[in-house]
Amino acid sequence: MYDSPALENTVDTKDIKISANNVQVFYGETHAIKDVNVAIEDKTVTAFIGPSGCGKSTFLRCLNRMNDTIDICRVEGQILLDQEDIYDPRVDPVQLRAKVGMVFQKPNPFPKSIYDNVAYGPRIHGLAKNKADLDDIVERALRRGAIWNEVKDRLHAPGTGLSGGQQQRLCIARAVATEPEVLLMDEPCSALDPIATGQVEELIDELRTSYSVVIVTHSMQQAARVSQKTAFFHLGNLVEFGETSQIFTNPVDARTESYITGRIG
Amino acid sequence: MTDASLSGPDSTPLPQGKTSLLAQDSRTKRRNAAEKRFRFYGMAAVGVGVLFLVVLLVAIVRNGTPAFTQTFIELPVQLSQEKLDPDQTGDPEVIKKTSTFGYNGMIDQALLDLMAAHGLDSPFDKGADLRKMISASVPAQVRDYAIAHPDQIGQTVVFKVLASSRVDGYEKGRVTREALARDKNLDAEHLDLVDQMRDAGILKRSFNLDFILGTDASESRPEQAGIGASMVGSFFMMLVVLFLSLPIGVAASIYLEEFAPKNWITDVIEVNISNLAAVPSIVFGILGLAVFIQFAELPQSAPLVGGLVLTLMTLPTIIISTRASLKAVPPSIRDAALGVGASKMQSVFHHVLPLAMPGILTGTILGLAQALGETAPLLLIGMVGYIASNFPDGIAAGFLDPNSAMPAQIYEWAKRADPAYYERAWGGIIILLVFLLTMNFIAIILRRRFERRW
Amino acid sequence: MPATWIFLFVLALAVIGYVLGRRKAMASAGGDGRLMHSLPSYYGYNAALFVLVPALLVLGAWLVAQPMVIERSVQHMIPETAYETSGELSLIMSDVHRVASGLETAVTTGQITAPQLEAMQAGSTDVRGLLGSVGVAVGSDVDAVTLEAAKSYRARNATADTLRNIVVGLLALAGMALAVLRTDKDYRARNSVEKVVLALLILAASLAVLTTLGIVFSLLANTIQFFKLYPWTDFFFGTTWAPSFGGGSELGILPLFWGTFYISLIALAVAVPIGLFAAVYLSEYAPKSVRSFAKPLLEVLAGIPTIVYGLFALLTVGPMLLTAFGPDSVGWMSGGTAVMTAGLVMGIMLIPFVSSLSDDIINAVPQSMRDGSYGLGATKSETVKQVILPAALPGIVGAVLLAASRAIGETMIVVLGAGAAARLSMNPFEAMTTVTAKIVSQLTGDADFASPEALVAFALGMTLFVITLALNVFALWIVRKYREQYD
């Protein structure tokens with residue numbers, strides 16, 4: 001049942017984009033992530049799977065320091081982006097997040113026009129020299145988000161008026177508009193219907209050519225379809241990490257096997 | 001643990017054209033500066049708000065505390081036998097025949113004697129000039145004493161008499177010699193004498209209970225004015241508000257929350273209540289004037305009318321908070337009662353209402369506190385301008401006889417031109433705020449004590 | 001107090017009814033409570049309610065109606081030549097009331113008998129002396145018209161009182177009889193009691209509507225009366241406010257409007273930025289410890305009665321501003337009471353109002369919006385300015401409108417702090433006055449209620465009510481729509 005990953009191509013040896021060394025995360029007294037080591041490659045889709053509450057979303061949010069907004073959250077260990085520690089005190093999370101974009105579980109377009117939604121990032125980061133430049137960036141981002149054809153005639157209509165799938169693709173377009181190097185996706189399809197899910201998955205596969213994509217998903221089929229690497233989390237531990245095809249066909253750890261055969265969930 | 005980590009960081013240099021995360025670019029620096037500024041504006045706004053509060057409280061305390069002390073003079077007065085009761089009858093009726101005016105002579109003499117006894121260098125030969133230093137209420141005080149103690153007539157009795165408001169103001173630093181140049185009531189020489197009297201220990205400032213428990217006085221005797229009578233007026237008003245708004249508010253809330261069908265009539269009532277809560281209070285005053293005084297011909301200035309107006313005004317607030325408390329009771333409680341065969345009415349009155357009661361009481365106390373401080377509607381039903389110089393005798397009189405209320409009394413004092421009354425007004429505010437603070441405190445305790453988390 | 005006696009009589013009957021109803025129900029079930037439809041006490045309550053409700057309803061209506069009916073009929077006894085204005089008539093009528101109550105006391109204390117009273121003539125008897133002896137002081141001799149009116153007033157009241165007692169008493173008895181007769185073990189007493197209780201609940205809930213109707217009618221009736229005496233065009237478009245109780249007043253609302261508007265504008269200019277920034281800081285930036293102490297502190301400002309703010313304006317802020325801008329420095333200000341004084345203090349009062357409303361509204365913006373913005377690398381202030389505030393804008397507009405409605409309706413601060421002069425001027429350091437302040441001054445004087453100078457207060461009140469109501473309805477509607485969007 002899991003033997004048909006969408007991509008059969010062999011994975012080349014690629015640059016390591018993010019590497020996490022001995023990462024621990026605490027929520028107040030709770031030890032949410034325990035000693036995780038993982039290396040995420042460039043131009044690859046890496047999927048984090050695992051039962052709910054296993055820490056996969058928490059870990060994802062460490063990668064662009066979104067956990068900073070939660071007061072009681074504490075991160076230990078080292079996370080390197082291109083060999084630079086992102087938790088170094090000299091690092092400004094604002095700059096980091098421009099490089100490591102994020103797409104959320106629920107589509108969250110701002111209550112602004114489609115154009116302004118996409119232009120938001122470029123504007124705050126000062127990526128456009130002038131109006132024509134910005135128009136260009138917006139169009140490119142919307143094309144990358146595979147939504148340009150659907151919205152090109154109503155760029156100034158509110159983004160909240162789109163359908164769920166369109167909204168999520170708009171949010172992806174919004175994230176790629178700032179030219180990030182890594183794209184984090186936190187269960188991007190969980191609020192979408194199957195057709196919209198298919199469209200977004202197709203898009204993720206295309207994004208792989210330019211970015212390193214990390215996707216958290218609770219759907220094993222989805223992980224199998226879109227990713228080349230898979231990490232299985234359980235109770236805050238990274239249990240197994242490897243080629244997707246290997247994880248789904250020949251897991252090393254007994255817990256991984258239990259999970260993918262549906263015994264823990 | 002089978003952490004399947006891959007290779008650690010290898011040492012390839014940064015790709016071309018990439019910026020390091022470790023150095024802030026100039027744009028980020030600018031953005032962070034803007035961030036700091038914005039944060040500072042926010043802090044400044046909170047700071048300004050708190051500063052206003054502090055200034056307000058300091059002004060109240062600084063201007064109000066002097067009202068609680070008053071300057072007194074110890075004055076031995078000989079109650080003249082031949083003047084008050086020449087035939088030595090000892091009959092109060094006979095003593096009553098001498099009016100307050102008739103005591104002036106005795107008091108003048110007493111003042112002159114006092115100066116002589118302490119060897120004070122008084123520039124005044126006439127007692128009448130010295131009398132300017134004491135309150136105009138003194139003759140009445142001496143007379144009341146004489147009537148109550150006929151046996152003391154012929155004796156010398158030491159009275160603790162109020163100094164006049166100017167002298168009191170001088171003691172409190174409100175009145176200066178320069179200011180007296182334009183004042184008919186007192187001269188700078190008087191103040192020199194006051195200094196001597198203070199040194200001689202016959203003029204003292206001490207706590208003035210009469211300010212809290214006493215009654216208002218006429219416009220010319222600020223030293224005598226107290227807030228007690230209007231406190232009683234406020235008390236009777238609050239009784240009316242409590243006994244009307246609590247049952248009516250609870251009944252209305254129960255209907256709207258538990259029984260009302262969802263139709264346009266209910267909608268109208270709901271919209272009505274939320275809008276009534278925002279109608280200016282002065283409009284309720286107009287309503288009270290037109291309906292209770294002009295139409296129903298209830299007496300003006302009566303705490304009953306004030307209470308009725310304030311009830312109408314606080315009802316929406318109480319209904320809104322009561323409904324919130326009822327809503328907080330989980331539906332499972334209702335279902336449980338209905339499940340054992342109680343009627344809907346029984347489930348509400350036996351189970352939901354008792355559980356919501358702490359919340360309802362908290363809301364009611366806060367509503368009462370709001371009503372206690374409200375002034376504008378009272379202006380229109382005549383509770384201002386009435387000089388509350390008497391306590392009501394009896395319960396019915398408490399509701400129906402003209403009286404003032406604390407905030408109305410404060411307004412009345414604030415309007416009188418004499419600065420001595422301003423001090424009274426600030427002092428009155430301290431007392432009013434003490435009441436409000438107590439009520440809020442009770443509400444907080446009640447909420448803490450009975451708060452229930454479902 | 002005869003009304004009290006009949007009230008107590010009805011209460012007593014209700015207690016008796018309770019006992020009888022309960023006993024009869026128990027008897028019909030042979031003393032076995034399980035055979036009855038409802039709990040025994042419900043049969044008692046049922047009977048008591050049958051006694052109370054009709055009797056007290058009639059009693060209440062009667063107490064309201066009787067004085068009005070008798071007042072009108074006695075008023076007709078006074079010849080129209082005796083008075084010129086309605087004010088004089090009301091003076092005569094108040095004499096009539098006093099004489100009548102004096103006569104009543106005289107009869108009850110046995111000073112004179114009822115037949116003697118009937119025969120009493122204004123010229124022959126010393127009415128004044130008689131009244132004086134029962135403690136009613138009359139300013140002058142009682143004339144024939146007043147005496148006759150008073151006698152008739154007393155007689156009609158006595159008759160009406162007796163009639164009322166009979167009707168109410170009979171009604172109570174009939175209610176009790178009916179209830180007790182209908183009581184037996186199968187009677188659905190609980191349902192009938194609950195119906196009455198429900199009716200009472202509905203009555204309580206509709207009191208809010210009655211209050212609104214009361215406001216509207218009392219304002220409307222007097223406003224119409226005012227517009228009969230004073231042209232409405234002059235009222236709404238007149239630029240002079242100069243009431244004079246001797247007549248010939250100019251009662252244009254525009255200067256009052258201007259004062260109200262100007263003061264509210266200054267108040268909002270103080271309260272909206274401070275309140276909004278404070279709300280943003282407290283909800284987005286402040287650590288928990290700061291929030292938990294600064295928020296209640298700001299809310300203390302909201303709990304302080306307006307009279308305190310009024311005094312603060314009159315005695316602290318006014319003199320302070322006068323030192324800063326008065327004749328001794330720049331000379332813009334000539335007295336402590338001014339638009340600026342009132343506006344500033346009102347602004348302070350409104351800070352917590354704006355901040356707590358905005359706080360609620362900002363918190364209603366979903367966290368996912370913030371996440372989306374932070375995820376793109378926006379700073380907090382950029383998120384606030386470009387995402388949260390635009391998203392919360394409708395709610396904040398609603399909050400500002402509610403604050404404006406508060407400012408327009410505020411009375412004590414302007415009465416004490418703004419001055420009394422109605423003036424159309426741009427200088428914020430001049431004294432001006434507002435609609436609310438003039439309502440107070442026109443209705444607290446000794447003016448005759450029928451004169452345009454007093455009636456104008458109702459027209460002002462009506463205008464104020466309509467404006468604030470419109471603002472409130474609109475603001476509450478915006479806020480509700482806003483909340484629905486994120487629910």
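The basis for the numbers below is simple: all heavy atoms, side chains too, and nothing from hydrogens, waters or symmetry mates.
Neither the backbone nor the side chain of B:Q370 has a heavy atom closer than 4.5 Å to any heavy atom of chain C. Using a 4.5 Å cut-off between heavy atoms, B:V50 contacts chain C through both its backbone and its side chain. For B:L56, the parts lying under 4.5 angstrom from a heavy atom of chain C are both the backbone and the side chain. Interface remark: C:K385 contributes side-chain atoms only to the contact with chain B (heavy atom separation under 4.5 Å). Heavy atoms of B:L366 lying under 4.5 Å from chain C are absent altogether. Neither the backbone nor the side chain of C:V290 comes within less than 4.5 Å of any heavy atom of chain B. Residue contact with chain B, scored on non-hydrogen atoms closer than 4.5 Å, involves the side chain of C:V280 exclusively. Heavy-atom distances place no part of C:R406 under 4.5 Å from chain B, backbone and side chain included. Neither the backbone nor the side chain of B:I265 comes within contact range of chain C; no heavy atoms are under 4.5 Å apart. For B:L379, the parts lying near chain C are the backbone and the side chain together; criterion is any non-hydrogen pair under 4.5 Å. Within the 4.5 angstrom heavy-atom criterion, atoms from both the backbone and the side chain of B:V55 approach chain C. Only the side chain of C:I351 has a heavy atom closer than 4.5 Å to any heavy atom of chain B. For B:I429, the part lying under 4.5 angstrom from a heavy atom of chain C is the side chain only. The contact between B:L289 and chain C is made entirely by side chain atoms (from C-beta outward), counting heavy-atom distances below 4.5 Å. At a 4.5 Å heavy-atom cutoff, the contact between C:V384 and chain B is made by side-chain atoms alone. Proximity to chain C is absent for every atom of B:P316, based on heavy atoms less than 4.5 angstrom apart. With a threshold of 4.5 angstrom between heavy atoms, B:N440 does not approach chain C through any atom at all. For a residue to count as touching a neighbouring chain, one of its non-hydrogen atoms must lie under 4.5 Å from one of that chain's; by this rule C:I307 touches chain B with backbone and side chain alike.
Taking each heavy atom of C:L311 and B:A414 in turn, the nearest pair found is CD1-CB, 3.2 Å. Considering all non-hydrogen atoms of both residues, B:A290 and C:N222 come closest at CB-ND2, 4.3 Å. Between B:I248 and C:A204, the shortest heavy-atom distance links the atoms O-CB, 3.6 Å. Among all heavy-atom pairs drawn from C:G409 and B:I282, the shortest one is O-CG2, 4.2 Å. Nearest heavy atoms, C:G461 versus B:I286: CA-CD1, 3.8 Å.
Atom CG of residue C:L207 and atom CD1 of residue B:I269 lie 10.5 Å apart, to the nearest 0.5 angstrom. Rounding to the nearest 0.5 Å gives a distance of 11.5 Å between CG of C:L282 and CE of B:M43.
By the 30° and 60° cut-offs, the orientation of the rings of B:Y41 relative to C:F277 is perpendicular.
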### Task
Kindly determine whether B:Y255 and C:L198 satisfy side chain to side chain contact (heavy atoms under 4.5 Å, CB included), including the steps that lead there.
CA-CA 8 Å; B:Y255 177 71; C:L198 188 64; 4.1 Å; yes
### Residues B:L380, C:I439; criterion side chain to side chain contact (heavy atoms under 4.5 Å, CB included); working and verdict
CA-CA 9 Å; B:L380 297 190; C:I439 292 177; 4.2 Å; yes
### Message
I'd like to know whether C:I304 forms a side chain to side chain contact (heavy atoms under 4.5 Å, CB included) with B:L53, so could you lay out the CA-CA distance, the side-chain angles of the two residues, the decisive distance to 0.1 Å, and finally the verdict.
### Response
CA-CA 10 Å; C:I304 291 176; B:L53 178 67; 4.2 Å; yes
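Considering only heavy atoms from C-beta on, B:T375 stays 4.5 Å or farther from C:P305 through its side chain. C:R190 has its side chain within reach of B:S343: a pair of non-hydrogen atoms, C-beta onward, lies under 4.5 Å apart. In this structure the side chain of B:R39 never reaches within 4.5 angstrom of the side chain of C:S381, judged on heavy atoms. Counting only heavy atoms from C-beta outward, the side chains of C:I215 and B:L276 approach each other to under 4.5 Å.
Although no hydrogens or angles enter the test, the distance criterion places no donor-acceptor pair under 3.5 Å between the side chain of B:E35 and the main chain of C:T379.
Most heavy-atom pairs under 4.5 Å with chain C: of the set B:F349, B:F284, B:W426, B:F259, this distinction falls to B:W426. Between chain B and the residues C:S355, C:A278, C:A279, the most heavy-atom pairs under 4.5 angstrom are made by C:A278.
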